[in-house]
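The next block holds one structure in the form of structure tokens; read it before the comments.
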Amino acid sequence: MSEIEFRRAIFEALDEELARDPAVVHFGEDIAAAGGVFAVTKGLAERHGERVFDTPISELALIGAAYGSAINGLRPVLEIMFGDFLPLVMDGVINQAAKFWYVSNGQGTCPLVIRSAVGGGVRFGAIHSQMPAPWFQNVPGLKIVAPALPGDAKGLLLSAIRDDNPVLFLEHKHLYGVKGPAGTGEAIPLGVAAVVRAGSDLTIATAMKSVHEALAAADELAGDGIDCEVIDLRTLRPFDVPAVVQSVERTGRLLVVEEAPRTGGWAGELVAEVAERAIGSLDDIWRLATPDHPIPFSPPLEDAFFVNAQAIAASVRSRLGR
Amino acid sequence: MSEIEFRRAIFEALDEELARDPAVVHFGEDIAAAGGVFAVTKGLAERHGERVFDTPISELALIGAAYGSAINGLRPVLEIMFGDFLPLVMDGVINQAAKFWYVSNGQGTCPLVIRSAVGGGVRFGAIHSQMPAPWFQNVPGLKIVAPALPGDAKGLLLSAIRDDNPVLFLEHKHLYGVKGPAGTGEAIPLGVAAVVRAGSDLTIATAMKSVHEALAAADELAGDGIDCEVIDLRTLRPFDVPAVVQSVERTGRLLVVEEAPRTGGWAGELVAEVAERAIGSLDDIWRLATPDHPIPFSPPLEDAFFVNAQAIAASVRSRLGR
Amino acid sequence: MTDGLDLYRGMRLIRRFEDAVQALFQKGEVHGTTHLYSGQEASAVGVCSSLAAGDRVAATYRGHGHALALGVSPQGFMDELLGRATGVCGGRAGSMNVIDLEHGLMGCYGIVGGTMAAATGAALAFSLRRQPNVAVAFFGDGTSNQAYFAECLNFAAIRSLPVVFCCENNLYMEYTPTETVTAGAIADRPRALGIATEIVDGNDVFAVRQAAASALELARSGSGPVFLEILTYRIVGHSRSDPGAYRKPGELDEWKKRDPLLLARRALVDEHGFDEAEVDRIDAEVERQMETIVENALAAPWPDPSLPVEQFAGGAR
Amino acid sequence: MTDGLDLYRGMRLIRRFEDAVQALFQKGEVHGTTHLYSGQEASAVGVCSSLAAGDRVAATYRGHGHALALGVSPQGFMDELLGRATGVCGGRAGSMNVIDLEHGLMGCYGIVGGTMAAATGAALAFSLRRQPNVAVAFFGDGTSNQAYFAECLNFAAIRSLPVVFCCENNLYMEYTPTETVTAGAIADRPRALGIATEIVDGNDVFAVRQAAASALELARSGSGPVFLEILTYRIVGHSRSDPGAYRKPGELDEWKKRDPLLLARRALVDEHGFDEAEVDRIDAEVERQMETIVENALAAPWPDPSLPVEQFAGGAR
Ligand SMILES: Cc1ncc(C[n+]2csc(CCOP(=O)(O)OP(=O)(O)O)c2C)c(N)n1
Ligand SMILES: Cc1ncc(C[n+]2csc(CCOP(=O)(O)OP(=O)(O)O)c2C)c(N)n1
Ligand SMILES: [Mg+2]
Ligand SMILES: [Mg+2]
């Protein structure tokens with residue numbers, strides 16, 4: 001099967017949707033002429049003309065432009081350069097975009113996508129490394145997509161752009177250079193998790209970069225005779241709870257790994273969902289996340305801060321008493 | 001014991017701290033000359049002069065003013081009129097206020113309080129009724145206080161103003177007119193829950209208006225021979241997890257009631273914390289929250305939307321098989 | 001809607017609609033809060049009477065007037081305010097958040113500045129789709145200090161978007177006089193961005209209509225946004241719980257002398273050659289219309305809370 | 001710091017510091033990203049050399065120059081950039097977020113516009129405490145379109161806050177020419193609010209210093225905020241990964257002829273009566289200073305990740 005780079009997968013999804021549907025537009029800071037600070041959109045403006053354009057540093061106006069155009073016939077894809085800047089669009093997302101369909105009583109929809117580079121481990125410090133998903137997890141009407149694998153990134157972005165709801169599409173900075181199977185190149189439905197490794201002793205559910213950490217940990221743990229199932233959640237809103245419950249009913253144990261401060265992250269939500277529904281089948285349930293303080297810049301501090309494969313393996317061993 | 005109105009309790013805490021500490025200032029839209037849209041700060045400006053002042057409708061500048069003055073010797077209390085407008089201050093809270101102490105490596109602190117009227121049930125519709133706590137629950141460095149009882153409101157606000165961290169202080173609109181025991185009038189430590197009703201069959205943990213609903217439900221359930229313990233969390237960040245675990249270890253069952261959309265609310269966090277620590281002692285654990293859609297305006301729709309005493313009692317009965 | 005009597009009728013309907021809302025509020029039939037438009041009618045009617053098919057309007061929480069001026073059904077709107085199933089949003093929206101796309105109402109926005117964001121976005125759609133339409137944002141004087149104001153004016157200006165920003169300057173932001181918290185003159189702000197800006201007597205519906213027509217034409221021609229500062233006054237409280245103490249002594253009375261309905265009536269008779277009787281007839285017709293509306297609204301069915309609600313457009317996922 | 005040679009030394013230190021950072025970056029000793037200040041030195045040095053004790057500065061992610069001009073220890077700052085325990089923030093902050101209260105640096109702000117918010121708040125504290133200090137916000141031309149800009153200018157103006165807003169106009173916001181996304185002239189925006197505004201040659205340290213001294217005096221006198229537009233140019237990439245293709249042909253070369261260090265050297269010799277040799281001596285001293293700094297920084301200890309970290313100031317709860 002052919003390989004694709006994560007960055008390229010995003011580009012292809014944008015490029016194809018722009019070509020397919022004249023209602024699709026893409027805008028953001030430095031995305032057109034310069035091709036984006038993570039070089040994701042290089043060449044897109046040349047290919048699609050005025051439907052791909054650079055904007056001022058005006059995040060509130062940008063979300064307004066996205067919302068207002070989405071309810072008037074466009075399918076805007078907005079890039080907010082870093083996830084750390086998403087608080088500036090929260091009002092637009094919460095009070096405009098995510099409410100429109102419901103409050104209008106179904107008169108219209110608000111199909112917009114916000115792409116944003118998120119996550120840490122790249123020495124960008126406390127204000128360019130955050131994981132915004134939890135800030136948005138309590139916003140009804142919003143979907144949150146968080147791919148781990150390049151093939152998924154494309155298929156999920158295609159679906160996000162075609163979706164009639166506002167979608168927050170999170171791209172982990174660490175993954176842009178990762179290559180993986182291109183897959184079919186077709187749309188992949190939102191809200192459906194993927195079992196990326198089958199196993200019987202324990203379910204590890206996670207997303208984005210942490211999927212790769214969990215897979216590495218599972219390899220390591222296999223050596224100790226611990227057989228982990230790894231679920232790539234892919235969509236963080238709505239969660240594919242049935243997929244996780246189904247897995248846990250077999251394995252009896254759930255570890256949720258999240259790249260965000262432990263308290264109030266989405267891992268808590270998933271643990272709660274599973275505990276409520278499957279407490280009878282549960283031998284153990286826990287989460288691993290980052291400490292509850294801002295992300296430190298210094299390499300040794302940052303490395304210790306994030307949950308990596310070693311930390312996952314160690315936690316599993318200790319929780320399983322091995 | 002003397003009685004105090006919730007609204008008056010807030011006023012007294014502000015008034016006393018303004019009198020005690022010249023570094024305390026209070027500002028917001030319509031709070032000074034007009035005394036606030038919920039009539040909480042009537043007379044405060046007359047008593048404290050220029051330290052209580054009206055502002056333009058500039059929420060970003062307001063949080064900037066609060067943050068910048070807090071790290072330069074003031075202890076600002078900012079009112080953001082409705083919790084629904086808090087997304088506009090999220091950047092300041094997340095990227096400035098809540099990070100300052102940690103990133104500065106302890107060089108200074110950022111003692112500020114944001115007061116905000118929150119919650120539904122008063123027919124204000126989708127954009128004046130929300131519960132912002134979940135949007136902020138994943139912000140390290142921030143505390144979130146959410147009183148249910150008038151006496152607590154005063155004591156907790158005193159502590160919030162004296163606290164050296166940014167504190168989000170949530171005032172449920174429905175509670176402003178509620179009267180209750182004034183208590184000692186002294187500061188009440190943040191982060192400490194209160195058992196407001198002792199019981200042995202089930203623990204109900206909740207906050208704000210829902211404490212009153214839970215107490216009413218407990219009364220009703222007592223008639224059915226179900227003995228509920230009700231915990232008023234009082235602080236939502238950090239949670240007093242030990243208090244809840246302690247209770248659950250006795251009762252074996254935990255119901256968390258939250259006034260916010262079910263998915264991604266703080267109830268999930270609490271359920272996860274308790275499940276992780278006490279899964280062995282748990283017979284049952286679940287949550288009750290609102291549906292995952294915006295708050296409807298229409299009275300019958302809104303009434304059905306929120307979790308009231310009847311809904312709590314019914315859920316407990318059904319979950320306990322009575 | 002083009003003749004003077006129609007303009008008058010539009011304003012009269014708004015005024016009496018607001019009076020009815022106020023009365024229903026006092027009777028406990030309207031719940032929550034409402035922000036009445038009384039005194040500002042000439043703005044909504046003057047602007048909206050000049051719109052073309054397909055134009056879009058973003059109104060505020062003080063949006064009853066804008067909605068009615070757009071032709072939203074007064075019955076459907078009143079039903080909505082009463083939370084009935086027959087309301088234009090099925091009772092989901094209420095006073096502050098009504099949407100009626102069929103009549104060009106993108107929404108009523110509860111967040112100050114939200115209208116500017118929404119209209120800017122609509123204009124972006126018009127511009128990229130080469131659709132000959134204009135988006136209109138209504139907002140107040142106090143909004144000039146809010147973040148969306150500056151960002152949206154700039155965004156609309158650099159992209160030459162077809163949007164008309166209508167600043168209804170009624171002197172107050174809730175209870176605070178806007179001049180006390182605003183540096184410089186509002187109109188100088190769009191001017192500093194090179195945006196065509198005009199200040200108009202907002203209580204003279206003919207003046208507003210003329211200014212709006214020019215503004216809409218200019219915006220529609222592709223030359224970029226236009227800013228109208230519409231000077232007016234709210235002769236009722238900001239919202240239900242208004243303490244009212246903020247008004248300068250005599251100010252309200254002065255403005256009542258310039259009530260847009262009075263001014264329009266005078267102009268119709270003195271300048272446009274209509275009889276007082278014709279105007280009176282409109283008053284009477286509106287009176288009957290409102291009676292029926294209130295009656296129907298009170299009898300309208302409530303929405304059924306037991307109906308299932310989807311989480312997302314297009315199905316559960 | 002008052003004499004011309006000191007200003008030159010300040011600028012030279014910044015330039016060579018940035019060169020060292022760049023070199024360390026290429027060697028893999030500085031991680032993540034950095035935004036160098038090279039070419040803009042006259043702004044930081046001109047402004048900061050005019051400050052009084054207790055004044056506060058909010059700098060951007062492009063803040064090395066502001067920090068050094070404030071007297072932050074170049075060693076401590078370099079250690080911070082390398083993530084060492086001896087850094088001014090113990091390695092927690094890194095290039096973009098340094099705080100050094102002792103030297104008046106409230107912070108370097110990673111959010112565009114954040115400096116304006118922080119400085120406005122500091123000025124509010126000065127004003128309410130009757131403290132005779134001024135807060136300074138540095139920010140770029142692109143920031144003029146961001147929400148904080150307009151809200152903070154208005155807030156500072158209406159409260160007559162002692163703040164000097166220093167807009168370092170280097171023509172670009174990252175890779176986009178600011179003029180392409182900005183309506184009107186930046187300086188007209190504060191002017192529309194009645195804020196005292198001056199445009200100054202930002203590559204002439206003496207001109208900046210003079211303009212800053214007046215601005216600071218005005219702000220300190222209680223007459224409200226002052227806006228300085230400081231015209232300058234960034235002669236290096238925006239950040240590490242700059243594609244560079246956005247510059248107009250020849251532009252960089254033109255600006256290099258007006259390198260603030262060149263201009264200052266020329267002025268010192270031609271107008272202030274110093275010898276070239278004196279200036280050369282400074283260069284040599286800075287060279288040695290930087291060598292030591294780099295050497296020490298590379299040898300500085302790493303922070304210990306196993307140390308416990310409290311969640312909150314004042315203890316666990
Ligand atoms: C962002 C935001 N801040 C505050 C409010 C509360 N609020 C509602 S109306 C209003 C005053 C608005 O004044 P103006 O723009 O002059 O409009 P008017 O109500 O006078 O028509 C305020 C502060 C809000 N709705 N949104
Ligand atoms: C709110 C926000 N939006 C976007 C960015 C990304 N960003 C960082 S620097 C920059 C350009 C800023 O331009 P300008 O204000 O001219 O300052 P300069 O970098 O030229 O000094 C942008 C867009 C950011 N840090 N914060
Ligand atoms: Mg007004
Ligand atoms: Mg610039």
Side-chain angles (χ1 to χ4, degrees), chain A residues 59-60 84-96 98-99 102-103 125-127 130-141 236-239 256 260-276 279 282-287 290-294 296-297, chain B residues 59-60 84-96 98-99 102-103 125-127 130-141 236-239 256 260-276 279 282-287 290-294 296-297:
Chain A
E59 285 79 9
L60 281 87
D84 311 73
F85 314 155
L86 286 169
L88 291 166
V89 306
M90 276 197 77
D91 172 60
V93 170
I94 291 180
N95 288 322
Q96 296 199 328
K99 291 200 174 30
Y102 173 84
V103 173
I127 300 179
Q130 294 169 93
M131 181 55 65
W135 307 334
F136 290 91
Q137 65 177 334
N138 195 236
V139 181
L236 299 178
R237 247 199 92 82
F239 277 134
V256 184
R262 175 185 169 86
T263 301
W266 52 258
E269 173 64 25
L270 189 58
V271 164
E273 277 287 336
V274 174
E276 279 180 276
I279 191 150
L282 277 174
D283 294 320
D284 203 1
I285 188 165
W286 80 107
R287 3 171 217 175
T290 78
D292 280 315
H293 62 72
F297 162 74
Chain B
E59 284 80 6
L60 280 87
D84 310 72
F85 314 155
L86 286 169
L88 291 166
V89 306
M90 274 196 78
D91 172 60
V93 170
I94 290 180
N95 288 322
Q96 296 198 330
K99 290 200 175 29
Y102 173 82
V103 173
I127 300 181
Q130 296 169 93
M131 181 55 66
W135 307 333
F136 289 90
Q137 66 178 333
N138 195 236
V139 181
L236 299 178
R237 241 199 97 82
F239 277 135
V256 184
R262 173 184 170 86
T263 301
W266 53 257
E269 172 64 26
L270 189 59
V271 165
E273 277 286 337
V274 174
E276 279 181 275
I279 191 149
L282 278 174
D283 293 320
D284 202 1
I285 187 165
W286 81 106
R287 359 169 222 176
T290 77
D292 281 315
H293 63 71
F297 162 73

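This structure is a prediction, so every number in the text was calculated from the model and none was measured. Here is how names work: the chains are called A, B, and so on, in the same order as the sequence lines, proteins then strands, and each is numbered from 1.
Separating the CD1 atom in B:Ile279 from the CD1 atom in A:Ile285 is a distance of 6.0 Å, to the nearest 0.5 Å. With values rounded to the nearest 0.5 angstrom, A:Glu276 atom CD is found 9.5 Å from B:Trp286 atom CH2. Considering CG of B:Leu86 and CG of A:Asp91, their distance stands at 10.5 Å, rounded to 0.5 Å.
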task: Quick one: do B:Leu60 and A:Leu88 satisfy side-chain contact (heavy atoms from CB on, under 4.5 Å)? Show the steps, please.
output: CA-CA 9 Å; B:Leu60 280 87; A:Leu88 291 166; 3.8 Å; yes
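In terms of heavy-atom proximity, B:Ala126 sits nearest to A:Lys99 at O-CE, 3.0 Å. Scanning all heavy atoms of the two residues, the minimum distance from B:Tyr102 to A:Pro296 falls at OH-CB, 3.3 Å.
Contact count against chain B (heavy-atom pairs under 4.5 Å) is highest for A:Gly265 among A:Gly141, A:Ala267, A:Gly265. Counting heavy-atom pairs closer than 4.5 Å to chain B, the top-ranked of the candidates A:Asp292, A:Asn95, A:Val271 is A:Asn95. The candidate from B:Ala98, B:Ala272, B:Ala260 with the greatest count of non-hydrogen atom pairs under 4.5 Å with chain A is B:Ala272. The most heavy-atom pairs under 4.5 Å with chain B, out of A:Met131, A:Gln130, A:Arg287, A:Glu273, come from A:Arg287. When each of B:Val103, B:Ile127, B:Asp283 is scored by its heavy-atom pairs under 4.5 Å with chain A, the top score falls to B:Ile127.
You'll find the side chain of A:Trp135 stays beyond 4.5 Å of the side chain of B:Pro134, heavy atoms only.
Of the two parts of A:Pro291, neither the backbone nor the side chain holds a non-hydrogen atom closer than 4.5 Å to a non-hydrogen atom of chain B.
Taking a cutoff of 4.0 Å between a charged side-chain nitrogen and a carboxylate oxygen, B:Glu269 and A:Arg262 do not qualify as a salt bridge.
B:Gln137 and A:Asn138 are not linked by any side-chain donor-acceptor pair at a separation below 3.5 angstrom, with hydrogens and angles left out of the test.
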